[in-house]
Amino acid sequence: MTASSPAFTPQALKAAGISAAEYDAIVERLGREPNRNELAMFGVMWSEHCCYKNSRPLLSQFPTSGDRVLVGPGENAGVVDLGDGDRLAFKIESHNHPSAIEPFQGAATGVGGILRDIFTMGARPIAVLNSLRFGPLDDPRNRRLFAGAVSGISHYGNCVGVPTVGGEVDFEPIYSGNPLVNAMALGLMETDSIVKSGASGIGNPVLYVGSTTGRDGMGGASFASAELTDESERDRPAVQVGDPFLEKSLIEACLEAFQTGAVVAAQDMGAAGITCSTSEMAANGGVGIEFDLDKVPVRETGMRPDEFLLSESQERMLFVAQPERTQELIDIFHRWELQATLAGRVIADPVVRILHQGNVVAEVPATALADNTPVYPREVIETPAYALAARQWSPDSLPAASAAGLGDRSWNDLLLALLDEPAIASKQWVYRQYDHQVQNNTVCLPGGADAAVIRIRPQAFGVGEVEEVPLPYKGVAATVDGKGRYVYLDPYEGAKAAVAEAARNLSCVGAEPLAITDNLNFGSPEKPVGYWQLAEACRGLSDACRELQTPVTGGNVSLYNETIDSDNNPCSIYPTPVVGMVGLVPDVRQVCGQAWRAAGHAIYLLGNSDSLTLGGSSYLDTIHQTVAGLPPRIDLDLEVRVQAACREGIRRGWVQSAHDCSDGGLAIALAESCFGSQLGASIQLDTGATRLDTALFGEGGARIVISVAPAARSQWEAYLASTLPQYWTCLGIVGGDRLQIASTTGTQWVSLSVARMQTAFEEAIPRRMES
């Protein structure tokens with residue numbers, strides 16, 4: 001047999017996810033034909049999900065270092081320095097395809113997987129967030145997927161005892177049948193040294209710990225790197241089944257084991273299971289691993305070697321241990337009623353050698369699986385026709401906007417319609433299913449602030465009494481943000497907007513943005529338009545992160561998010577890069593929420609209204625059923641200045657509430673600021689030459705609505721005059737039970753009771769889910 005005449009049929013190669021050219025490359029690396037087990041290993045490790053063969057050249061442009069970055073891309077999670085010995089691990093990953101097929105288990109195991117990435121580093125998980133996208137809720141299938149995914153996230157997080165503290169949910173027709181389920185987790189380091197994955201020490205034992213292995217999750221990495229079709233329903237074995245109670249024991253056992261200092265290296269068995277963990281540990285350490293499948297605890301009999309190697313059964317880990325302390329580690333896991341067995345050893349020959357029933361059933365150079373993988377740099381096309389056509393849209397094509405409204409709809413009607421749109425409406429239906437207060441460290445509850453805030457309790461990371469800690473009130477903030485519609489229209493600007501909004505949300509609670517983890521959800525990179533979207537978005541993320549000084553510490557790439565329509569044509573999602581960002585809160589007692597605090601407080605708008613646009617806006621999408629135009633152009637320099645002013649105002653105690661102007665524009669931000677306190681506001685708006693619907697519902701970057709107590713107004717305005725001249729205005733006063741928006745000459749545009757707005761806002765999703 002030669003590479004041009006493979007030992008496998010074209011059908012067998014396709015089933016393994018290997019192209020003819022890749023098969024030739026495998027033969028070249030091995031110097032021979034692979035056997036069935038080896039082909040299976042290459043199939044999962046050379047999938048986009050594991051090796052990033054299409055995206056790796058683009059990811060290399062990301063800024064990945066900074067003063068606070070302790071661990072960047074390449075490990076299970078990024079780690080940043082919070083000062084005073086505190087270190088935060090965080091990461092985001094996707095479970096999109098599994099959630100499309102089996103939403104409950106797909107979403108649940110997504111949470112379990114991201115938690116393992118955190119505690120594998122030696123960190124105790126302290127919070128989970130999620131970013132979700134579904135089709136419209138008038139479709140029963142979308143309701144089933146939405147309900148199942150939320151239930152799965154709730155089940156796993158609640159049972160494992162980690163609070164789900166924040167997230168975002170969007171609904172667009174383009175996600176019908178192809179939902180996005182991204183999960184982010186944070187953890188505080190409990191070990192003196194950060195636990196890494198590179199194996200070392202020739203002869204050191206390799207331990208298998210955690211749960212048993214079965215056939216669930218077979219080929220999940222390959223499954224995650226292919227389009228969804230009607231036949232995907234048959235791929236349910238590629239969806240893992242999780243056990244959150246077992247994972248809770250695994251967290252405690254692993255952290256106890258790490259504290260002993262007897263663990264040399266650790267790796268979660270996530271995507272590609274045993275294949276991935278053995279090859280990555282070997283390659284990262286420049287050594288080899290010999291692994292005996294007969295030593296693996298199983299839950300099913302008669303498993304073939306390739307089934308062991310491809311299984312993605314949950315709650316499993318691989319350790320390299322110090323030889324003389326192996327039994328000590330095994331005893332820890334047995335005490336937690338978990339599996340623990342000596343299954344392999346570190347070898348000098350840099351290969352992954354797999355044994356089964358006394359025979360070598362696979363032997364592959366570790367780097368061929370983990371590092372020396374295919375890379376496909378592609379040509380980036382010019383702006384495609386669809387984007388050029390969309391950018392020709394002008395608001396002049398809309399009906400004329402008058403003081404009374406738009407056509408036969410008043411401004412009151414339009415504001416209520418936007419508040420009733422599920423993408424904008426309250427997500428109480430979602431987050432009330434989550435236990436967001438377990439561990440008792442959640443400072444800002446979901447729905448009350450622009451970002452989640454978690455208090456760092458000294459007990460969580462082994463420090464003694466509170467009095468011994470220099471900053472006992474320190475906390476961390478986290479958010480997830482994505483702008484799929486923007487990125488579809490302009491990937492570069494849309495990706496910048498996602499980073500800017502994430503940083504803005506952190507700044508609105510008073511947190512200093514530190515770093516990001518990203519999840520790149522896109523269609524096929526093999527199509528010129530798909531690769532253009534991915535390339536331009538990566539360029540936008542990179543530029544924004546550099547300007548905002550928020551380096552990328554890691555993340556996930558989820559490509560091939562496409563379904564096959566009734567005409568057998570592929571249909572891609574909106575390109576949706578999701579940014580998970582963390583920030584430092586110096587004192588959680590000074591955290592700001594989005595609700596007005598008291599009547600009589602003055603309301604200010606920070607930022608530049610000149611950049612407002614209806615292009616790509618929620619107003620254009622919801623009211624006019626149009627996705628077109630140019631999305632906002634983000635002024636990153638102004639973002640830095642506006643956000644710094646907001647944080648300083650919070651730190652000095654001037655700013656009493658802060659809320660980002662994003663989806664739905666100023667009118668939605670003002671309405672949402674009324675809900676937490678049931679206080680209304682009287683607003684006077686100078687629109688100048690701007691269309692009235694643009695002034696009310698237009699979207700743009702670097703805009704924050706804040707409120708200030710009367711006693712602090714003079715200091716606040718003096719500060720703004722020196723730091724943000726021409727980029728702030730006083731809009732009005734908090735008070736009453738209505739939101740009233742009028743012109744500076746007294747013409748009333750909006751007048752709605754807080755109660756009526758809140759009813760529309762809070763009933764939007766429940767009403768649709770009950771239909």
Side-chain angles (χ1 to χ4, degrees), residues 82 86 88 90 125-131 153-154 157-158 162-169 184-188 426-457 460 471-481 501-514 579-598 601 643 646-651 653-662 669 672-679 704-707 758 761-762:
L82 301 177
D86 305 332
L88 181 77
F90 68 107
I126 60 169
V128 173
L129 300 90
N130 52 72
S131 174
I153 292 168
S154 169
N158 293 358
V162 178
T164 301
V165 296
E168 59 160 5
V169 187
M184 177 180 173
L186 288 68
L188 286 170
S426 169
K427 306 307 185 293
Q428 283 186 5
W429 187 92
V430 176
Y431 62 71
R432 282 185 173 174
Q433 299 185 49
Y434 304 152
D435 187 342
H436 39 263
Q437 291 179 294
V438 65
Q439 299 187 10
N440 200 31
N441 289 319
T442 307
V443 176
C444 293
L445 301 184
D450 283 15
V453 178
I454 305 98
R455 177 176 57 245
I456 297 176
R457 298 186 68 179
L471 292 173
Y473 299 107
K474 186 164 54 177
V476 293
T479 186
V480 286
D481 288 284
E501 182 167 335
R504 207 179 311 130
N505 285 335
L506 295 183
S507 294
C508 283
V509 299
E512 174 198 353
L514 297 183
V579 173
M581 188 178 289
V582 297
L584 177 63
V585 179
D587 189 335
V588 296
R589 296 172 298 177
Q590 295 179 325
V591 163
C592 228
Q594 66 187 37
W596 314 131
R597 296 284 294 277
H601 285 193
Q643 292 181 31
C646 181
R647 293 195 302 271
E648 183 67 11
I650 293 171
R651 188 187 69 80
W654 299 330
V655 173
Q656 300 300 303
S657 72
H659 189 23
D660 166 36
C661 283
S662 57
E672 290 174 339
S673 298
C674 295
F675 297 150
S677 61
Q678 301 298 301
L679 288 169
I704 300 174
V705 172
I706 63 96
S707 63
Q758 192 159 2
F761 186 68
E762 292 183 353

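Just so it is clear, the values below take in all heavy atoms, side chains as well, and ignore hydrogens, waters and symmetry mates.
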Q: Are the side chains of Leu88 and Leu188 in contact, using a 4.5 Å heavy-atom criterion?
A: yes

Q: Atom CD1 of Ile454 and atom NE2 of His436: how far apart are they, to the nearest 0.5 Å?
A: 12.5 Å

Q: Asn441 versus Ile126: any side-chain heavy-atom pair under 4.5 Å?
A: no

Q: Does Pro125 offer a backbone N or O that forms a donor-acceptor pair with the side chain of Gln439 under 3.5 Å?
A: yes

Q: So which of Ile650, Val591, Leu506, Ile456 actually passes side chain to side chain contact (heavy atoms under 4.5 Å, CB included) with Val585?
A: Val591

Q: Only counting residues at least two apart or in another chain, list the ones meeting side-chain contact (heavy atoms from CB on, under 4.5 Å) with Glu762.
A: Ser426, Gln428, Gln758

Q: Holding to side-chain hydrogen bond (donor to acceptor under 3.5 Å, both in side chains), I want the full list of residues that pass it with Ser507, two or more places apart in sequence or in another chain.
A: Gln643, Arg647

Q: How many angstroms lie between CG in Asn130 and CD1 in Ile153, if you round to the nearest 0.5 Å?
A: 4.0 Å

Q: Listed by chain and number, what are the side-chain contact (heavy atoms from CB on, under 4.5 Å) partners of Ser131, not counting sequence neighbours?
A: Arg133, Glu168, Asn182, Val480, Val578

Q: With sequence neighbours left out, write down each residue that passes side-chain contact (heavy atoms from CB on, under 4.5 Å) with Cys661, or none if nothing qualifies.
A: Leu605, Leu666, Ala669, Arg703, Val705

Q: When rounded to the nearest 0.5 angstrom, what distance separates CG in Leu82 from NZ in Lys474?
A: 6.0 Å

Q: Using the salt bridge (charged side-chain N to carboxylate O under 4.0 Å, His left out) criterion, which residues pair with Glu501? Sequence neighbours excluded.
A: Lys483

Q: List the residues meeting side-chain hydrogen bond (donor to acceptor under 3.5 Å, both in side chains) with Ser154, not counting sequence neighbours, and say none if there are none.
A: Asn158

Q: List in chain and number order the residues that pass side-chain hydrogen bond (donor to acceptor under 3.5 Å, both in side chains) with Ser673, two or more places apart in sequence or in another chain; answer none if no residue qualifies.
A: none

Q: Can any side-chain N or O of Ser677 pair as donor or acceptor with the backbone N or O of Ala595 at less than 3.5 Å?
A: no

Q: If every non-hydrogen atom of Ala658 is compared with every non-hydrogen atom of Cys592, which pair is closest and at what distance?
A: N-SG, 4.0 Å

Q: Specify the closest pair of heavy atoms between Gly580 and Met184, including all atoms of both residues, with the distance to one decimal.
A: CA-SD, 3.7 Å

Q: Quick one: pull up CZ in Arg504 and OG in Ser662 and give me the separation to the nearest 0.5 Å.
A: 7.5 Å

Q: Only counting residues at least two apart or in another chain, list the ones meeting salt bridge (charged side-chain N to carboxylate O under 4.0 Å, His left out) with Arg432.
A: none

Q: So do Cys674 and Trp596 actually touch side chain to side chain, heavy atoms under 4.5 Å?
A: yes

Q: Would you name the heavy atoms of Ala502 and Val579 that are closest together and state the gap between them?
A: CB-CG1, 4.0 Å

Q: Hey, does Leu514 have a side-chain heavy atom less than 4.5 Å from the side chain of Phe90?
A: no

Q: To check you understand the geometry: which heavy-atom pair defines the closest contact between Ala449 and Val509, and what is its length?
A: CB-CG1, 3.8 Å

Q: Work out which heavy atom in Ala451 is nearest to a heavy atom in Cys444; give both atom names and the distance.
A: O-CB, 4.0 Å

Q: State the SG-CD1 distance between Cys646 and Ile706, to the nearest 0.5 angstrom.
A: 7.5 Å

Q: Name all residues meeting the ring-ring contact (aromatic ring centres under 6.0 Å, His included) criterion together with Phe675; count only those two or more places apart in sequence or in a different chain, and write none if there are none.
A: Phe761

Q: Main chain of Ser707, side chain of Gln656: is a donor-acceptor contact present, judged purely on distance under 3.5 Å?
A: no

Q: Can you see which heavy atom on Val162 is nearest to which on Ala127, and at what distance?
A: CG1-N, 3.6 Å

Q: Side chain to side chain contact (heavy atoms under 4.5 Å, CB included) for Leu129 and Val165? Distances and angles first, verdict last.
A: CA-CA 6 Å; Leu129 300 90; Val165 296; 4.1 Å; yes

Q: For residues 585-597, which residue pairs qualify under salt bridge (charged side-chain N to carboxylate O under 4.0 Å, His left out), counting only residues two or more places apart or in two chains?
A: Asp587-Arg589

Q: Please enumerate all residues that pass side-chain hydrogen bond (donor to acceptor under 3.5 Å, both in side chains) together with Asp481, with sequence neighbours excluded.
A: Thr479, Asn505

